[in-house]
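Below is one structure, written out as structure tokens; comments come after it.
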Amino acid sequence: MKQALIAAFSLLSLATTGSEKSATPTPTHHVNAPAAVTPAPSAFQLLYDELHLAASGLSREAYLIALRGMQQMIGAKPLLSIVDMSQPSSQKRLYVIDLVKRKLLFNTYVAHGRNSGELQAKRFSNTNSSFQSSLGFYKTLGLYQGKHGLSMQLQGLEKGINDNAFARAIVMHGADYVGEEFIRRTGRLGRSQGCPAVSTTECSPIVRTIAGGSCLFIYYPDNTYLKKSVFLKS
């Protein structure tokens, strides 16, 4: 318990108080990062081994980069969601981690955009109608009922990288092409129009957990992105 409280205070010291008050706020398209990035709290770094995330397939690099970037999000909830697109879609590459309770809440399948690749996502875009996924850091917004059922809006926080996400209607939603039956038939998940789609059965519990101001990070070991991201400047 003491260790969890220390971790909580470490995170909260990097954030201001506040909460999401609207399910459909107008997004702010640019977040200025400070000149230097404070190293992620060691207690959170240790979670990678404590939760056996390597055995679950999550890249250590993806996890540590996600922690660094999350620190730049003022008022972020202590929930960290990572989509590790260095993995193929046939693997469970979505991770939702409760940093305070030190638990892996979800580890499941997530789709990428149809023009990003087939089994493996390799191409990414911030452009409308590209039908590609966008890398980087997102803030989770509110929930709404849409054509895919309960869905969650996302605000892309990185200018020129994913800041068109809201305008592109890039959301987290459920899809019947996400799941093991689809993988058995095709060798991969189906693909979205750029949204990080999850299974219809898991969508509701996931989005209800992470909505309203937590960090979602979509990772791929792309050197251009890693050098350009203001969230990762040192």
Side-chain angles (χ1 to χ4, degrees), residues 53 56-59 61-63 65-66 69 80-97 106-141 146-149 151-158 160-203 206-207 210 214-226 228-229 231:
L53 296 177
S56 299
L58 178 62
S59 158
E61 179 183 52
Y63 178 72
I65 289 173
L80 177 59
S81 302
I82 304 171
V83 177
D84 183 0
M85 287 196 178
S86 67
Q87 301 181 51
S89 67
S90 57
Q91 295 183 15
K92 294 181 177 181
R93 56 184 180 171
L94 170 63
Y95 305 81
V96 178
I97 303 164
F106 300 97
N107 176 207
T108 191
Y109 299 105
V110 59
H112 56 254
R114 68 178 65 166
N115 288 337
S116 283
E118 294 193 10
L119 175 63
Q120 181 79 56
K122 297 180 179 179
R123 297 177 296 276
F124 306 94
S125 176
N126 192 36
T127 303
N128 192 34
S129 300
S130 66
F131 294 164
Q132 293 183 24
S133 300
S134 298
L135 299 177
F137 290 90
Y138 295 78
K139 181 180 181 180
T140 65
L141 299 180
K147 64 180 180 180
H148 299 290
S151 305
M152 180 184 69
Q153 294 175 315
L154 295 168
Q155 179 184 349
L157 301 177
E158 302 201 63
I161 296 172
N162 63 16
D163 61 328
N164 284 331
F166 195 90
R168 292 175 62 199
I170 299 300
V171 303
M172 182 172 280
H173 63 77
D176 58 9
Y177 52 75
V178 178
E180 292 183 352
E181 175 57 32
F182 199 97
I183 294 171
R184 280 193 290 270
R185 289 190 283 109
T186 66
R188 59 166 173 81
L189 294 182
R191 294 163 297 166
S192 68
Q193 295 184 352
C195 297
V198 296
S199 73
T200 53
T201 56
E202 291 182 297
C203 183
I206 290 173
V207 298
I210 68 175
S214 68
C215 174
L216 170 69
F217 177 53
I218 299 181
Y219 168 80
Y220 185 79
D222 178 88
N223 287 331
T224 299
Y225 164 72
L226 296 175
K228 183 177 180 180
S229 174
F231 280 74

Say whether, by atom type as modelled, one donor and one acceptor occur between the side chain of [X] and the main chain of [Y] under 3.5 angstrom.
X: Glu202; Y: Thr108; result: no
X: Ser116; Y: Ser133; result: yes
X: Ser56; Y: Leu58; result: no
X: Asn107; Y: Val96; result: no
X: Ser89; Y: Ala111; result: no

If you look at every heavy atom in [X] and [Y], which pair is closest and at what distance?
X: Ser90; Y: Gly187; answer: CB-O, 3.9 Å
X: Ile170; Y: Gln193; answer: CD1-O, 4.2 Å
X: Ala165; Y: Tyr138; answer: CB-CE2, 3.7 Å
X: Gly136; Y: Glu158; answer: CA-OE2, 3.1 Å
X: Ile65; Y: Phe137; answer: O-CZ, 3.5 Å
X: Cys203; Y: Gly174; answer: SG-N, 3.4 Å

For the residue pair His148 and His173, does the interplanar ring angle fall in the parallel (under 30°), tilted (30 to 60°) or perpendicular (over 60°) class? parallel

Is there a side-chain contact between [X] and [Y] (heavy atoms, below 4.5 Å)?
X: Glu180; Y: Lys92; value: yes
X: Ile183; Y: Leu189; value: yes
X: Asn164; Y: Thr127; value: no
X: Pro88; Y: Arg188; value: no
X: Tyr220; Y: Lys122; value: yes
X: Thr186; Y: Tyr177; value: no
X: Ile210; Y: Cys215; value: no
X: Asn162; Y: Leu154; value: no

Looking at [atom1] of [X] and [atom2] of [Y], how far apart are the two atoms once the value is rounded to the nearest 0.5 Å?
X: Tyr225; Y: Tyr219; atom1: OH; atom2: OH; answer: 10.5 Å
X: Gln91; Y: Leu94; atom1: CD; atom2: CG; answer: 13.5 Å
X: Lys139; Y: Gln155; atom1: NZ; atom2: CD; answer: 6.0 Å
X: Arg93; Y: Asp84; atom1: CZ; atom2: CG; answer: 8.5 Å
X: Gln87; Y: Gln120; atom1: CD; atom2: CD; answer: 8.5 Å
X: Phe231; Y: Phe217; atom1: CZ; atom2: CZ; answer: 10.5 Å

I'd like to know if the side chain of Arg168 pairs up with that of Ser130 as donor and acceptor (distance under 3.5 Å, no hydrogens or angles considered). yes

Given the rule in the side-chain contact (heavy atoms from CB on, under 4.5 Å) test, do Arg191 and Glu118 qualify, once you have shown the distances and angles that lead to the verdict? CA-CA 8 Å; Arg191 294 163 297 166; Glu118 294 193 10; 3.7 Å; yes

List the steps and the verdict of side-chain contact (heavy atoms from CB on, under 4.5 Å) for Asp222 and Phe124. CA-CA 10 Å; Asp222 178 88; Phe124 306 94; 5.6 Å; no

Quick one, Met85 with Ile218, criterion side-chain contact (heavy atoms from CB on, under 4.5 Å). Give me CA distance, side-chain angles, the key distance, then yes/no. CA-CA 7 Å; Met85 287 196 178; Ile218 299 181; 4.0 Å; yes

Starting from the C-alpha separation in whole Å, work towards a yes-or-no answer on side-chain contact (heavy atoms from CB on, under 4.5 Å) for Phe106 and Val198. CA-CA 11 Å; Phe106 300 97; Val198 296; over 6 Å; no

